[in-house]
Student: 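Quick one: the structure is below, and I'll ask about it shortly.
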Amino acid sequence: MLDPVDPAVLDPVALDAADPLAAVVDRFEPGDDLVAYLDGNSLGRPLRATVDALPEFVRTQWAGRLIRGWDEGWLSQGERLGDRIGAACLGAASGQTVVADSTTVLIFKLLRAAIAARRDRDGIRDELVIVADEFPTDRFIVERLASDHGLTVRWVDAPHDGGITPALAAEAVSERTIAALFSGVAYRSAWLADIAAVTGVVQSQGALAVWDCSHAVGSVPLSLDHWGVDYAVGCSYKYLNGGPGAPAWAYVAARHQGALRNPIPGWLGAAEPFSMTSGFEPAPGIRRLVSGTPPIVGMVPIADMVTEIEAAGIEAVRAKSVALTEYAIALVDALIPDAVVASPRDAARRGGHITVDHPKARRAVDRLWVEGVIPDFRHPSGVRIGLSPLSTSFAEVERGVRALAAALA
Ligand SMILES: *Cc1c(COP(=O)(O)O)cnc(C)c1O
């Protein structure tokens, strides 16, 4: 823990000088009026490499190869990039991760597949479990699937500055549970779940553990294989810097793939996409989760960022992430004493952002955005400070929190 009263520890120049990843910050596009970007967990900044890679793709791949590109690699691009994300960020052996669709659509596909897998087998299972203040998209899908399939939603009440724990999961999950959908890192509080332990609780009742890792992937090391996770999904425009609307990834543990029932059976998830035969025969392996044509252009920036994470190593990314959030909390404590840190103070239970509650949050964030200081507002009174480890310097955190203190004063 940093000592918030020690000015030497609060010196951002010293912290940047000691940061082994400091040089990576300059690999990102600077932006026009950026003073402090505190929202890399909502939309990551573009790499300079991506500024070149996109037109290069258009010239050499799209214009250069045209329809031949599909045979020359585009068709399997979602699986190959999925394997790289799996190795660099997820602790997933190859053949279990695919890039396709949006996070929202993939959550729907996985939960619908979970219902098919568990309900049809056991008959008695008729409940889905989710945290009550989970991200809206996740809640909406759970509620819709429950109403369409005659299921009950079991809402878990987690603390405002916390999230799912093994004890809370044990209260909610039973022999009636089909699946539990939880966040690896909670989008508001940044609570970092004990994914292994919670997964064990869910599976001990015969239910499937489905993890939304949108706010974890690329900032927190994951070990999905080792933890025995069933299905997982995550966003690629947050800490994977894929750009607005970048396609998401999904993970299905190898043991489940043979029985996985994709509720949107498109031609590119079929065993033989170009045979044009009647009847749907799913592809073996993770490709059966694919529905239609893969979003190839949207994968270009993701690949650039995965290259950076591969080079840095996810453990080093996490070490910087912890140092950044420790520093931000120390600054908030020192400069904004009337704010409430609504995130875990224990770094081991905290992801890559912090949320600070303050009654003037809404107006302060509006004002800061005009000044080029960009945190996020989270209803009703949260200022969310997201510190993307590879693109954020300690000096930037200091500028940002000082500006926030002034705006809240
Ligand atoms: C960002 C995020 C999403 C986003 O879903 P989209 O389909 O990309 O809009 C979903 N769930 C969680 C928990 C998120 O943090």
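Just follow the structure's listing: the first ligand is 1, and inside any ligand the first atom is 1.
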Student: Measure the distance from atom 1 (C) of ligand 1 to every protein heavy atom, then report the residue, atom name and distance (to 0.1 Å) of the closest one.
Tutor: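 Here the nearest protein heavy atom works out to Lys238 NZ, 1.4 Å.
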
Student: Among Asp138, Thr104, Leu181, whose heavy atom sits nearest atom 11 (N) of ligand 1?
Tutor: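 When every heavy atom of Asp138, Thr104, Leu181 is considered, Asp138 comes closest to atom 11 (N) of ligand 1.
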
Student: Can you confirm whether the side chains of Thr307 and Arg84 place a donor and an acceptor under 3.5 Å from each other?
Tutor: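 There is such a pair between these side chains.
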
Student: Please name the pair of heavy atoms, one in Pro294 and one in Trp74, separated by the smallest distance, quoted to 0.1 Å.
Tutor: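 Heavy-atom minimum between the residues: CG-O, 4.2 Å.
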
Student: Can you name the atoms of ligand 1, numbered from 1 with element, that are less than 4.0 Å from a heavy atom of Ser102?
Tutor: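 Those qualifying, in numeric order: 7 (O).
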
Student: Can you tell me which residue and heavy atom of the protein come closest to atom 5 (O) of ligand 1, and the distance to 0.1 Å?
Tutor: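 So the nearest neighbour among protein heavy atoms is Thr103 CB, 3.4 Å.
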
Student: Starting from atom 3 (C) of ligand 1, which protein heavy atom do you reach first, and at what distance in Å?
Tutor: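 Here the nearest protein heavy atom works out to Phe135 CE2, 3.5 Å.
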
Student: Relative to the heavy atoms of His215, which atoms of ligand 1 are at a distance of less than 4.0 Å?
Tutor: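 Once the distances to His215 are compared, the set is 15 (O).
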
Student: If you have a sec, work out which protein heavy atom is nearest atom 4 (C) of ligand 1 and how many Å separate them, to one decimal?
Tutor: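 Of the protein heavy atoms, Tyr237 OH, 3.3 Å lies nearest.
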
Student: Between Arg154 and Glu127, does any side-chain N to carboxylate O distance fall below 4.0 Å?
Tutor: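 Between Glu127 and Arg154 there is a salt bridge, with a charged N closer than 4.0 Å to a carboxylate O.
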
Student: Under a 4.0 Å heavy-atom limit, does Thr137 contact ligand 1 with its side chain, its backbone, both, or neither?
Tutor: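 Contact part for Thr137 vs ligand 1: side chain (C-beta onward).
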
Student: Which bit of Asp212 gets closer than 4.0 Å to ligand 1, counting heavy atoms only: side chain, backbone, both or neither?
Tutor: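 Within the 4.0 Å criterion, Asp212 contacts ligand 1 through side-chain atoms alone.
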
Student: Could you tell me whether Arg65 and Glu72 have a side-chain N and a carboxylate O separated by less than 4.0 Å?
Tutor: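 Salt bridge between Arg65 and Glu72, a charged N being under 4.0 Å from a carboxylate O: yes.
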
Student: With a 6.0 Å cut-off on ring centres, are Trp267 and Phe274 close enough?
Tutor: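 Between Phe274 and Trp267, which both carry aromatic rings, the centre distance is below 6.0 Å.
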
Student: Minimum heavy-atom separation for Val173 and Val129, please, with both atom names.
Tutor: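 Minimum heavy-atom contact is CG2-CG2, 4.2 Å.
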
Student: Kindly give the heavy-atom pair with the smallest separation between Pro244 and Leu43, and that separation in Å.
Tutor: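 So the two residues come closest at N-CD1, 3.7 Å.
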
Student: Are any of the N/O atoms on Tyr187, whether in the backbone or the side chain, positioned under 3.5 angstrom from an N/O atom of ligand 1?
Tutor: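 No, no N or O pair falls under 3.5 Å.
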
